[in-house]
Structure formats: structure tokens, C-alpha cells
Q: 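Here it is, the structure, as C-alpha cells.
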Amino acid sequence: MREPKFENVVGILGGGQLGLFLAQSLARLGAHTAVFDPDSQAPALRHTAKPFSAPFSDHKRLLEFAEQAQVITYEFEHLPVNYLAGLGEQVAKIRPSLRVLEVSQDRLIEKNFLKDMGFPVVPFLELKEGAELDKLLAFPLPILVKTVRGGYDGKGQTRLNTPEQLESFLPRLKEKLSGGEVLVAEQVVELHCELSCIVGRKANNCYLMPIFENVHKDSILDTTVFPAQISEALRSEVEELSRAIATALDVQGLLTVEYFVVKEASGLKVYVNELAPRPHNSGHLSMQAFNISQFDLLARLLLDLPVGKIEPLSNACFAMANILGDCYHDKQLHWQALAEAEGLVEILLYGKEEPRPARKMGHLVTTGATVEQALSRARALRLALSVR
Ligand code: AMP
């Protein structure tokens, strides 16, 4: 077995909380990090010895960042691929590859890729200049119209429930399309549950994290529980799909696959919602629940270390609740709530100064004998933290 390369510098593009936790896992393995983020206050930038704060268009700084890294990864897929492609031979260090980034940062490319490869996706329609809007009018309602690029946490989504809503949306839609915008219309499915599967991949080997079950509120992840309350058959199906998608994209690094599970006449049907080639919010509780967290997994892959078997540390059930800016009052949480907290394993704040609504400020993880108990504890504590 090879020793870790202690001289290693891992470059991380993006300095959010995912980058911060990855940097901490890397530091525990003796590696150094360089972090690039245009926002000088980004959480991971404040904790690295090699911070690079500049716009991505600053080729000189970006190149300097890339040159001192042995390997480069990212914690955010909405990165300007054109600037990264301009790094010449440094591009070979980027994992997962720019191709994976290109597929996952554009909903349409992603959906077409999945569909063409035979992976299940909910019915969708491409909307671009000159598109026949008759097809949209014939599409089953409700519909979600989503921006193709830059949309995350529900940003850039419009829900149309009725023919009247669709009708009155059309002029705005036409305006957007004639302005060159590309959108995708997606059939709204009735969710039985949502799942995510985080896959690590190195050469041809896949390393799967146990599956998480997620609830979104206003299109933003609200809670995650482990273990997911699903049958063995569904678990195997999701694992198989995740492995196959990571392989089809030749991911080197991490890929999170998000799923919709829908109750249909024939039984439960799984659809791929989206792909994120990086650690994921739904994997946060892997830091407390497993022997190897999603960040440890990526760190080992990047440092060329063996991964080992990923296992839960106990039979306990876990829940994670995101703490958004909405929980704050006068920029404060009601910390007194911690005194009454039951089953709290950890509360983590990311060190973001401004608690704006819908901004992810931190999260908490609770445990319980059942997922229901862990989840109700997580929700109760979050509510108590936000009481004004
Ligand atoms: P997205 O940003 O596309 O992942 O959407 C965020 C969340 O909105 C998802 O995790 C779902 O909870 C919900 N959502 C998005 N698209 C659909 C859909 N076609 N049908 C039902 N729910 C959806």
C-alpha cells in the first residue's frame, strides 16, 4: 500500500461548506488545500492556507491556483467551463472531468444524456427560440418550467398548475425564448419519496454510500434521514442505476444522483432527477453516521488511497435538518434551545455572515431509535432554535 503523498496540494474550486468539509477531510490525511472562490468570505477560503479569491475570468490567478495543485476538484457544478478549459494542460488534473461538469451544469444536456443512455427521467420538453409551443399546451399539467443553467435550490423554476396559468405564462415564456433563453418544461410527478445515492469512482471501481431519503421544501433540501425507508429491491435498483450512471459518465471522483420515487399503477417507479458531481447536502450526516464520510471518500479518491468498506457506525437512525437563514432572528439563533435538545449528535454552522432567507447557514444531525424519532427531534430542535 502506498503512503499518502504528504506534499499533496488538492485544489478545490468553490469555497462553500462542501469545500470546507472536504478540506477538513483532506487535512486529516495530511494533505494541503488551495481553495478558489470569487467570494473572499466563502467558508472554505477562510480555513485554507492557500486562499485564491478572484473572479474565474482572472486567468492568471486561476492558472496559479491550478499549477500548485496535484489534483483539482470542485464543490459546485455551476462553474464557467470556458475559463477552466483555458487552463491548457492543467485541465487533466480536474476530477471529475470537464465533460462531467458540462453535462451536469445544464439540465437539458443532462436530461438528454440520461434519456439517450436509457436511464429513466420524467417526461420533459425542450423550450428554445422557435420551439413549437403547441407541444407545451398538450403537455400534462402540472408542469415545472426550469432554467437550463445556473438553477439550483429551486432558483429559476415556475410551476404551472392550470391551463389558465399556462396561458398567462405564455407571453413571458415567448419573451424569454426570443431573448435566447433555453428552458425545460418538466412534468410534475407525485412523489412517494426522494432518494440520493453518492457514488465514488476511481478507474473502473465504484464505492457507494448507503442511500439517503430526502424531503425538499420550496425546492430546497429540508431534511435527510438514514436509513432510507425503502425495500431491498428498490435499494438495489437505485444502487445499480447510480453505478451505471457514474460509469457511463466515466466519473473520477464523486457523483451524487438524486431520484424521484413515484407510485404508479405498476408499482413504485424510480426516475433520475439530477446529477451533482461532488459531495452533496444530503450526504452531510455521513460525517456522523458512517466510518467514512462522503468527504473522506472523495479525499481518499483524490489522494489515491484505498477506500475500504463504507459502513454505518451503529444501528441507530439519523436525521439531518438544514438551518436556513429563515431560522434567524436579528442574525441570531435561539441558542437556549440546545439546553433542551434530545438526541443531538452535532450542530454545524458554516460561518456565513449574512443569514439571508433560503441561504444554507448550517445543519444539525440527530439520532433516534427510529427514523421518525430522529426526524421529529431534528425538526423540533430546528424550530426551537428559530423561535423568536
Ligand atoms: P430540482 O432543483 O430540479 O432538483 O428541484 C428541487 C426539488 O423540487 C426536487 O427535489 C423536488 O422536491 C421538486 N421537484 C422538482 N422537479 C419536480 C417534478 N418534476 N415533479 C415533482 N417534484 C419536483
Side-chain angles (χ1 to χ4, degrees), residues 17-18 20-21 24 43 153-154 191-198 209-231 234-235 238 256 258-259 261 279-296 310-352 355 357-388:
Q17 60 273 15
L18 298 168
L20 172 63
F21 298 139
Q24 289 169 347
D153 287 345
L191 298 170
H192 172 73
C193 69
E194 290 187 76
L195 305 172
S196 54
C197 185
I198 300 172
M209 289 256 133
I211 294 164
F212 298 108
E213 184 171 343
N214 308 313
V215 172
H216 290 77
K217 204 173 143 201
D218 300 330
S219 300
I220 302 177
L221 183 67
D222 186 51
T223 55
T224 296
V225 295
F226 174 80
Q229 303 297 283
I230 53 173
S231 68
L234 188 56
R235 187 182 312 278
V238 165
T256 305
E258 290 184 60
Y259 294 94
V261 181
H280 195 258
N281 191 171
S282 65
H284 279 339
L285 58 72
S286 65
M287 288 194 279
Q288 290 79 26
F290 304 158
N291 61 333
I292 299 169
S293 75
Q294 60 170 343
F295 305 103
D296 298 336
I310 304 168
E311 292 175 306
L313 288 169
S314 71
N315 289 328
C317 298
F318 288 85
M320 187 279 314
N322 268 337
I323 300 173
L324 303 184
D326 313 59
C327 296
Y328 285 67
H329 181 60
D330 281 346
K331 296 197 177 182
Q332 288 294 321
L333 291 173
H334 182 63
W335 282 112
Q336 194 51 36
L338 284 189
E340 308 287 323
E342 279 189 279
L344 177 64
V345 184
E346 195 159 15
I347 177 162
L348 286 166
L349 294 180
Y350 310 145
K352 297 179 184 173
R359 189 176 199 201
K360 290 172 181 167
M361 302 298 290
H363 69 267
L364 57 90
V365 175
T366 53
T367 188
T370 60
V371 291
E372 290 79 15
Q373 186 183 44
L375 189 58
S376 67
R377 286 171 165 177
R379 287 198 180 122
L381 176 55
R382 181 175 57 186
L383 184 66
L385 283 165
S386 13
V387 163
R388 357 225 92 163

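Computed from a predicted structure; not experimentally measured.
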Q: If we only count heavy atoms from C-beta on, is the W335 to L385 side-chain gap below 4.5 Å?
A: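 Side-chain contact under 4.5 Å: yes.
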
Q: For a side chain to side chain contact (heavy atoms under 4.5 Å, CB included) check, start with the C-alpha distance between V261 and I230, then their side-chain angles and the critical distance, and finish with the verdict.
A: CA-CA 10 Å; V261 181; I230 53 173; 5.8 Å; no

Q: Kindly indicate whether the side chain of Q288, heavy atoms from C-beta on, has any atom under 4.5 Å from the side chain of T367.
A: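 No; the side chains remain at least 4.5 Å from each other.
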
Q: Would you tell me whether E258 and H280 have side-chain atoms, one donor and one acceptor, within less than 3.5 Å of each other?
A: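 Yes, because at least one side-chain N or O of E258 sits under 3.5 Å from a partner of the opposite role on H280.
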
Q: Does R377 form a side chain to side chain contact (heavy atoms under 4.5 Å, CB included) with L381? I'd like the steps, not just the answer.
A: CA-CA 6 Å; R377 286 171 165 177; L381 176 55; over 6 Å; no

Q: What is the ring orientation for F290 with F226, classed by angle as parallel under 30°, tilted 30 to 60°, or perpendicular over 60°?
A: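 Taking F226 first and then F290, their aromatic rings stand perpendicular (interplane angle over 60°).
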
Q: Scan L221, L195, I211, N322 and name whichever one has a side-chain contact (heavy atoms from CB on, under 4.5 Å) with S282.
A: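 Going through L221, L195, I211, N322 one by one, the side-chain contact (heavy atoms from CB on, under 4.5 Å) with S282 is satisfied by L221 alone.
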
Q: Which atom pair, heavy atoms only, marks the closest approach of S286 to Q294?
A: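 S286 and Q294 have their closest heavy atoms at OG-N, 2.9 Å.
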
Q: Give the ring-plane orientation class for H363 versus F21, where under 30° counts as parallel, over 60° as perpendicular and anything between as tilted.
A: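 Perpendicular, since the angle between the ring planes exceeds 60°.
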
Q: Quick one: are D326 and S386 in side-chain contact, heavy atoms under 4.5 Å?
A: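 D326 does not reach S386 side chain to side chain.
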
Q: Looking at CG of D222 and CG of L324, how far apart are the two atoms once the value is rounded to the nearest 0.5 Å?
A: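 Interatomic distance, D222 CG to L324 CG, rounded to 0.5 Å: 7.5 Å.
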
Q: First locate atom OG1 of T224, then atom CG of N281, and finally report the distance between them rounded to the nearest 0.5 Å.
A: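 Those atoms lie 6.5 Å apart.
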
Q: Run the side chain to side chain contact (heavy atoms under 4.5 Å, CB included) test on C317 and Q373 for me, step by step, so that the C-alpha distance in whole Å, both residues' side-chain angles and the decisive distance to 0.1 Å come before the verdict.
A: CA-CA 8 Å; C317 298; Q373 186 183 44; over 6 Å; no

Q: Would you check if I198 and P279 make a side-chain contact, meaning some heavy-atom pair closer than 4.5 Å?
A: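 They are not in contact (no side-chain heavy atoms under 4.5 Å apart), so the answer is no.
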
Q: Does any non-hydrogen side-chain atom of T223 lie less than 4.5 Å from one of R379?
A: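 SC-SC contact between R379 and T223 confirmed.
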
Q: Does the side chain of Q336 reach to within under 4.5 Å of the side chain of V387, using non-hydrogen atoms?
A: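 With C-beta onward as the side chain, the pair stays apart.
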
Q: In Å, rounded to the nearest 0.5 Å, how long is the span from CD of Q17 to CZ of F295?
A: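 Answer for the CD-CZ pair, Q17 versus F295, is 8.5 Å.
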
Q: Would you say K352's side chain and K360's backbone share a donor-acceptor pair under 3.5 angstrom?
A: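 Yes: the side chain of K352 pairs with the backbone of K360.
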
Q: Given Y328, which partner from the list H334, R359, M361 fulfils the side-chain contact (heavy atoms from CB on, under 4.5 Å) test?
A: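 Only match with Y328 under side-chain contact (heavy atoms from CB on, under 4.5 Å): M361.
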
Q: With side chains defined as the heavy atoms from C-beta onward, is the minimum distance between P227 and Q229 less than 4.5 Å?
A: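 Yes, at least one pair of side-chain atoms sits under 4.5 Å.
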
Q: Which heavy-atom pair separates L333 from I323 by the least distance, and what is that distance?
A: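 Scanning both residues completely, I find the closest heavy atoms to be CD2-CG2, 4.2 Å.
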
Q: Run the numbers on M287 and L348 for side chain to side chain contact (heavy atoms under 4.5 Å, CB included), then give the verdict.
A: CA-CA 11 Å; M287 288 194 279; L348 286 166; 3.8 Å; yes

Q: What's the separation between atom CE in M320 and atom OG1 in T366, rounded to the nearest 0.5 Å?
A: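 Between atom CE of M320 and atom OG1 of T366 there are 10.0 Å.
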
Q: So which heavy atom on P210 is nearest to which on I310, and how close?
A: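 The answer is CD-CG2, 4.1 Å.
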
Q: Measure the shortest side-chain to side-chain distance between L364 and R382 over non-hydrogen atoms and say whether it is less than 4.5 angstrom.
A: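 Answer yes - side chains close enough.
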
